[in-house]
Amino acid sequence: MRSVNKLYYISAAFIISCGAVLLFLIPLLKVHGNTTSSSAAAAQTETTAKPSATTAPAATKAPKETTAPPKKPAMKKVNKIKSIRLSEENIRLNPKDHRYLKARITYKSRKRKTNEKFVWKSQNKKIATVSQKGVVTGRKKGSTYIVVQSKLTGVTAKCKVTVGKTKYIAITFDDGPGIYTNKLLDALKKYDSKATFLLVGANVNSYKKQVQREYDLFMQIGNHSWSHANLKAISKEQVKSQINRAKEAIQNVTGEKPSIFRPPYGNYNKTVSSIVDVPMIYWSVDTLDWKYRNTNYVSSTILKYSGEGAVVLLHDIHKTSVDGFIKALPKLVKKHYELVTVSELFKIHGTTMKKGVMYFSAK
């Protein structure tokens, strides 16, 4: 009986001990379990928040766009005028007549093309007016100035205009240029006069400076064939060659094509007319200076046979021709003759010259 009681007490003590141990461990297990769960949750949260290598990063807020100021349109560069030269410094004309001024412009960058505007003005519109193309119209007797001015730079040039009794004549020189051409140009410049030069192409390269000076002084330059051939006696292809070679030689020096054509000896036919791409000019006064090489003869012939609208034939390759003309020049001016180019002579008289057509006199 006593053994049974002893066993009973031992079992009860064991059960009580186990219960006590459980009472001590349960709080610890709860704390451990919460810690574990929190760690797992944190790990899971961290795993979710941390992007993987293949996950695109979260979009960031784009900076607020600022509107760029509108671009100013590119300013076109203007090739400014350095100087302006007029074709005439002094002109004479009758009331109601028209004269034609040309403006040659030098640019600061040496370009030929014009991209700067300029205006024409008359200082006294009662005496003469001018269009914006440089056409001067006489109104009544008197003198005034025509002024051309650059709008941008203010550069100006002027021409004195005298309205009164005036007769117009065109003096032409064939077969040049030559060794007497510069002397002739000096005289023309001195008396504010113009002439027309019909050049032989084969001579051009030997006298480039003279050709350039003719151009610079606003003389009219025409084509007189390459070698002064009789165009009626050669083939069509040879005629083309004579005309085109001379044209090219002149253009290479002046930068411009010759504006008129005179056939050597005055010989031409339908073939020549069909090939020439500019007006043709003959003459109304033949001084025969090439035949009678005498200064006084040339001078007196010019003065005797010249008249309003006349086209006078001379040759600047002969000294007597040049000297004879120079002797007659101041007398022509005193007689109220205005020496103009062939093209201006016909314009003054209201004739529009056409290519391939032969003209003799403007009167």
Side-chain angles (χ1 to χ4, degrees), residues 100 102 168-178 181 194-204 211 214-215 218-254 256-290 302 305-317 321 339-363:
Y100 302 85
K102 296 178 182 178
Y168 309 100
I169 189 171
I171 307 294
T172 64
F173 292 92
D174 283 10
D175 298 354
T181 302
K194 293 291 182 282
T196 300
F197 292 85
L198 290 307
L199 308 185
V200 171
N203 295 340
V204 169
V211 176
E214 289 171 359
Y215 175 81
F218 292 89
M219 305 297 165
Q220 185 168 14
I221 297 176
N223 185 340
H224 197 42
S225 82
W226 173 255
S227 62
H228 207 275
N230 180 356
L231 302 183
K232 290 177 68 175
I234 59 178
S235 69
K236 184 176 181 178
E237 290 304 315
Q238 289 173 320
V239 171
K240 285 182 180 179
S241 177
Q242 283 284 327
I243 294 171
N244 292 333
R245 288 181 70 188
K247 181 198 304 183
E248 184 178 352
I250 293 168
Q251 188 174 7
N252 286 342
V253 175
T254 66
E256 294 183 8
K257 295 178 182 179
S259 51
I260 57 173
F261 177 78
R262 175 177 279 163
Y265 315 105
N267 290 342
Y268 70 103
N269 52 25
K270 289 183 179 179
T271 299
V272 175
S273 297
S274 67
I275 295 171
V276 175
D277 59 356
V278 291
M280 297 193 294
I281 187 69
Y282 208 83
W283 55 80
S284 60
V285 177
D286 186 353
T287 61
L288 298 176
D289 61 318
W290 58 271
I302 293 171
Y305 293 104
S306 295
E308 169 65 40
V311 177
V312 182
L313 173 62
L314 291 161
H315 300 77
D316 56 322
I317 58 171
S321 298
L339 278 66
V340 298
T341 65
V342 164
S343 290
E344 187 175 9
L345 179 69
F346 283 87
K347 275 187 178 181
I348 290 169
H349 284 270
T351 300
T352 301
M353 301 177 77
K354 299 178 181 178
K355 69 177 183 178
V357 177
M358 180 66 77
Y359 296 88
F360 297 80
S361 166
K363 187 67 174 176

Quick one: does Gln242's side chain have a donor or acceptor within less than 3.5 Å of a partner on Ser227's backbone? yes
Spacing of NZ belonging to Lys363 relative to OG belonging to Ser361, to within rounding of 0.5 Å: 8.5 Å
I need the Gln238 CD to Asn230 CG distance, nearest 0.5 Å. 11.5 Å
With respect to His315, which candidate in Asp289, Thr287, Thr172 satisfies the side-chain hydrogen bond (donor to acceptor under 3.5 Å, both in side chains) definition? Asp289
Are Tyr359 and Lys354 close enough that some pair of their side-chain heavy atoms sits under 4.5 Å apart? yes
Heavy-atom pair with the smallest gap, counting every atom of Ile250 and Gly222: CD1-O, 3.7 Å
Is Ile169 close to Val285 at the side-chain level, that is, under 4.5 Å between some pair of heavy atoms? no
Do the side chain of His224 and the main chain of Val200 share a donor and acceptor less than 3.5 angstrom apart? no
Measuring only between side-chain heavy atoms, which start at C-beta, is Lys347 closer than 4.5 Å to Val340? no
Do any N or O atoms from the side chain of Tyr268 and from the backbone of Gly356 form a donor-acceptor pair under 3.5 angstrom? no
What residue among Ile260, Val357, Val272 forms side chain to side chain contact (heavy atoms under 4.5 Å, CB included) with Met280? Val272
Distance (rounded to the nearest 0.5 Å) between Ser259 OG and Lys355 NZ: 15.0 Å
So, Ser273 side chain and Asn269 main chain: donor-acceptor pair closer than 3.5 Å or not? yes
Can you find a heavy atom in the side chain of Val239 that is under 4.5 Å from one in the side chain of Ile234? yes
So does Lys247 pair up with Asp277, basic N to acidic O under 4.0 Å? yes
Nearest 0.5 Å please: distance from the CG atom of Asn244 over to the OG atom of Ser225. 12.0 Å
Would you check if the side chain of Asn223 reaches a backbone N or O of Ile243 as a donor-acceptor pair within less than 3.5 Å? yes
Is Arg245 salt-bridged to Glu248, cutoff N-O under 4.0 Å? no
Inspect the surroundings of CZ in Phe360 and state if more than 12 heavy atoms from other residues, nucleotides or ligands are less than 6.0 Å away. yes
Which atom pair, heavy atoms only, marks the closest approach of Ile317 to Asp175? CG2-O, 3.3 Å
Check whether the side chains of Glu344 and Thr341 place a donor and an acceptor atom closer than 3.5 Å, and report yes or no. no
From Phe173 atom CZ to Leu313 atom CG, the distance as rounded to the nearest 0.5 Å: 9.5 Å
Considering all heavy atoms of both residues, which atom of Trp226 and which atom of Ala249 are nearest to each other, and what is their separation? CZ3-CB, 4.1 Å
Flag, side chain of Glu308 to backbone of Tyr168, donor-acceptor distance under 3.5 Å: yes
Given side chains that start at C-beta, do those of Phe197 and Gln220 come closer than 4.5 Å, heavy atoms only? no
Checking side chain to side chain contact (heavy atoms under 4.5 Å, CB included) against Thr271, which of Lys232, Lys236, Lys240 comes through? Lys236
Could you check Val312 against Ile171 for side-chain contact (heavy atoms from CB on, under 4.5 Å), going step by step and ending with a plain yes or no? CA-CA 5 Å; Val312 182; Ile171 307 294; 3.8 Å; yes
Closest non-hydrogen contact found for His349 with Gly309 is NE2-CA, 4.0 Å
Could you tell me whether the side chain of Glu214 reaches within less than 4.5 Å of the side chain of Thr181, counting heavy atoms only? yes
Heavy-atom check, side chain of Pro177 versus side chain of Asn203, under 4.5 Å: yes
Just one of Ile281, Thr196, Leu339, Val311 clears the side chain to side chain contact (heavy atoms under 4.5 Å, CB included) bar with Leu345, so which one? Val311
